[in-house]
Amino acid sequence: MIYGFRKYAILNSLITLGGMALAGRHIWLEQLPPNQVPACGPSLEVMLQYLPLFEVFKSAIMGSANCIKIDWSMFGLSIATWSFIGFAALLIINLNIAIKPVGKF
């Protein structure tokens, strides 16, 4: 029998994997050579004004040259890398909750 907290831990793990995938994509975009960077598109404000919301999300996920500009870093790691590390930590915690026997917290 799976208790409620295990169900939420499994669901949260799936959502966390999605966050890791998006952060990983941004890390990959940051590492591309300049000649392989996707073409620049309009700014987010312009896209929100003129495009349907689904198209804005699609453009944001696919990335553009704006994605490779690193504006912030800490200890030499970009925000995308820190996000990936944070999502990985959350995944470990959630899998630990989902796998441990009941009453062993």
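All values below were derived from every heavy atom in this structure, side-chain atoms included, with hydrogens, water molecules and symmetry-related copies excluded.
Listed by chain and residue number, Ile97 satisfy the side-chain contact (heavy atoms from CB on, under 4.5 Å) test with Ile93 (two or more places apart in sequence, or in another chain). Applying the side-chain contact (heavy atoms from CB on, under 4.5 Å) criterion to Trp28, with sequence neighbours excluded, gives Arg25, Leu32. For the side-chain contact (heavy atoms from CB on, under 4.5 Å) test, residues two or more places apart in sequence or in another chain that qualify with Ala80 are His26, Ile27, Glu30, Ser78. Residues passing the side-chain contact (heavy atoms from CB on, under 4.5 Å) test with Ile92, sequence neighbours excluded: none.
Across Phe84 and Gly24, no two heavy atoms sit closer than the pair CD1-N, 4.0 Å. Scanning both residues, Arg6 and Ile99, for their nearest heavy atoms gives NH2-O, 4.2 Å.
Under the side-chain contact (heavy atoms from CB on, under 4.5 Å) test applied with Leu90, the options Thr16, Ile85, Asn12 reduce to a single match, Thr16.
With contacts defined as side-chain heavy-atom distances shorter than 4.5 Å, the pair Leu17/Ser13 does not qualify.
The hydrophobic cluster containing Leu11, built from Ile/Leu/Val/Met/Phe/Trp/Tyr side-chain heavy atoms closer than 4.5 Å, also comprises Ile15.
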